[in-house]
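Numbers restart at 1 for each chain; the letters A, B, ... are given by sequence-line order, proteins then strands. Small disclaimer: the values here were computed from a predicted structure and weren't measured.
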There are 2 protein chains.
Amino acid sequence: MQSEQELTDLPLSDQVYAKVRELLRDGAFVSGQRISEAEICDRFQVSRTPAREAIRRLLNEGFLTTVESGRIIVAPIDIERAEEIYDMREAVECLAAKLSAKKATTKDLIELRGILDEQRRGATDETDFLDINDRFHRCVYKIASNRYLLRSAEILLVSAGMIRGTTQGRYDYNTWSLKDHEEIYQAIEDGNTTAAEDAARRHVRRGRMQRISLLKTLSSV
Amino acid sequence: MQSEQELTDLPLSDQVYAKVRELLRDGAFVSGQRISEAEICDRFQVSRTPAREAIRRLLNEGFLTTVESGRIIVAPIDIERAEEIYDMREAVECLAAKLSAKKATTKDLIELRGILDEQRRGATDETDFLDINDRFHRCVYKIASNRYLLRSAEILLVSAGMIRGTTQGRYDYNTWSLKDHEEIYQAIEDGNTTAAEDAARRHVRRGRMQRISLLKTLSSV
DNA sequence: TATCCTAATAATGTATACGAAAAATACAAA
DNA sequence: TTTGTATTTTTCGTATACATTATTAGGATA
């Protein structure tokens, strides 16, 4: 829940939750793969209680799914689910941008610009790029300061990141991503809510097209 | 997770979750009130494990909040939180209406119209009215068929329902609520996505004004 | 009476124990 | 080989035990 807390002094269930989500994001857990409590216990050396709680939360947030008879698997992201993610993401990112444009303080703008500068300097590798990208979006969420939005946006950001097939063709993404982020930033700085919303919408839609086409080439193989 | 399931064959944690949420909605648990595991165990005659899981989910969804040193209370809904709820709700309800207008089948329309007819016939009392109201919205969510939207919208619907101070002045709400629902329905039937979005937006904003002013009169007392 | 120290109490995080239900496996018979 | 059945194993839901930490209460002293 608290974001700035050291991971080690959080309850084990939260640590496990965070670590599993990381594994999901990094593709160590793949679509459709079965997840059992015992496996989580083994892997993270915790007892069933925190493992259970982490799994239940991941289920609730849509990262995992229950199949017939209670078995749990990593939620497969097919085109249908990807469209659900992006439909929702568009609504949520637009709101985030709009609220940020309304509420951003000077300090907020400095922080956001800092992340943008980092992105401009260029990422060392793909993971780094994705990190910076996520930080930008999370910063916007923070500025929007809406707890319900935050919860949703966070989940959707990670879920969208899980849509991938091949890693290739993802890095040049940086070119338009940077331009989009600059646009969003500018609108927020200007306090122009509709411009912010529009920029966010375009950004999400570009991401959507890219990801969906990625899925399509994959499923046709 | 599955909606049509008998409550009794769901895991205890889900049953407890549902029951606590009901108590919250009905005002049996009030803002700021402390909630302890033991209390939940006592009240529902379950052991700590399911009680814990229910509480964690309620925390995660924003119904409960952690205060200093891990104490858990019913999240107080002040004006700030109410605005967060309604800002987010506007985005989510608009999306729900839009998607429904795009996807609704004849069968969907029949079901939705059925609820509307019920509302037209009038509710017997306030609880009944709220039930019908919720059913209408849930039906729209279902038609939109987006899992991420559903989770969010459901939480926001209940959260918004928890904004209340006095019960008075809530019942005449029915007059404009019905009109709004009819508008939303019509747009969905027409497959007019922008009209659906607009109708939903107006509806949410009306609810927002009403609830916020309710809170304001309360806090000024 | 106010304050501080200590003991008791309660609450939460974590681990483990138990039971039921489902799945997998092994083995026998057709 | 296939099928059917019995047995073993896994997995999960639930309960409870243990440990640690925070909170409260009581009593002694200034």
Side-chain angles (χ1 to χ4, degrees), chain A residues 1-21 23-24 29-30 32-76, chain B residues 1-21 23-24 29-30 32-76:
Chain A
M1 233 66 67
Q2 295 89 338
S3 48
E4 299 299 339
Q5 209 139 18
E6 257 315 307
L7 206 62
T8 50
D9 54 54
L10 284 171
L12 281 185
S13 41
D14 291 340
Q15 293 182 41
V16 171
Y17 165 81
K19 284 180 188 162
V20 172
R21 223 179 61 171
L23 290 179
L24 286 168
F29 284 158
V30 300
Q33 177 179 344
R34 186 173 170 197
I35 301 287
S36 72
E37 278 181 20
E39 186 192 346
I40 301 295
C41 294
D42 274 5
R43 188 186 275 261
F44 302 109
Q45 291 298 303
V46 295
S47 77
R48 283 187 60 211
T49 310
R52 263 185 82 74
E53 285 177 356
I55 289 174
R56 280 189 72 85
R57 181 162 167 203
L58 291 159
L59 270 172
N60 186 16
E61 295 181 350
F63 294 109
L64 306 179
T65 300
T66 304
V67 290
E68 22 68 52
S69 74
R71 274 182 137 69
I72 290 163
I73 62 168
V74 177
Chain B
M1 235 65 67
Q2 293 89 340
S3 49
E4 301 298 339
Q5 208 139 15
E6 257 317 305
L7 207 61
T8 51
D9 54 55
L10 284 172
L12 281 184
S13 42
D14 292 340
Q15 293 181 42
V16 171
Y17 166 81
K19 283 180 190 162
V20 172
R21 224 180 59 172
L23 291 179
L24 286 168
F29 283 159
V30 300
Q33 175 178 348
R34 186 171 171 197
I35 301 288
S36 72
E37 278 181 22
E39 186 193 346
I40 301 295
C41 293
D42 275 5
R43 190 187 276 263
F44 302 110
Q45 291 298 304
V46 294
S47 77
R48 283 185 59 208
T49 311
R52 263 185 83 74
E53 286 176 355
I55 289 175
R56 280 188 71 84
R57 181 163 168 202
L58 291 159
L59 270 171
N60 186 18
E61 295 180 350
F63 293 109
L64 306 180
T65 300
T66 304
V67 289
E68 22 69 52
S69 73
R71 274 181 138 70
I72 291 164
I73 62 168
V74 176

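Atom C1' of nucleotide D:dG13 and atom CG of A:Leu59 are separated by 14 Å, given to the nearest angstrom. C:dG13 atom C1' lies 13 Å from atom CG of A:Leu10, rounded to whole Å. Note: CD (B:Glu53) to C1' (C:dT12) measures 15 Å, nearest angstrom. Between the CD atom of A:Gln15 and the P atom of C:dA15 there is a distance of 11 Å, rounded to whole Å. Rounded to whole Å, the distance from CD1 on B:Ile40 to P on C:dT12 is 10 Å. Between the C1' atom of C:dT14 and the CZ atom of A:Arg48 lies a distance of 13 Å, rounded to the nearest Å. Between the CD1 atom of B:Ile73 and the C1' atom of C:dA11 there is a distance of 16 Å, given to the nearest Å. Look at CZ on A:Arg52: it is 10 Å from C1' on D:dT11, rounded to the nearest Å.
Within the 4.0 Å cut-off from OP1 or OP2 of C:dT14, not a single side-chain nitrogen or oxygen of A:Thr49 is found.
When side chains are defined from C-beta on, A:Asp14 counts as touching B:Arg56, because their heavy atoms get closer than 4.5 Å. Counting heavy atoms from C-beta on, the side chains of B:Thr65 and B:Ile72 never come closer than 4.5 Å.
Side-chain N or O atoms of A:Gln15 include one that pairs as donor or acceptor with a backbone N or O of A:Leu10 at under 3.5 Å.
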Exercise for the section: Evaluate the side chain to side chain contact (heavy atoms under 4.5 Å, CB included) criterion for residues A:Glu39 and A:Gln33: first the C-alpha distance (whole Å), next the side-chain angles of each, then the deciding distance (0.1 Å), finally the verdict. Expected result: CA-CA 12 Å; A:Glu39 186 192 346; A:Gln33 177 179 344; 4.0 Å; yes
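Between A:Pro50 and B:Glu37, the one whose closest nucleotide on DNA chain C sits nearer the 5' end is B:Glu37. When each of B:Arg34 and A:Ser47 is assigned the nucleotide of DNA chain C with its nearest heavy atom, B:Arg34 is the one assigned upstream, toward the 5' end.
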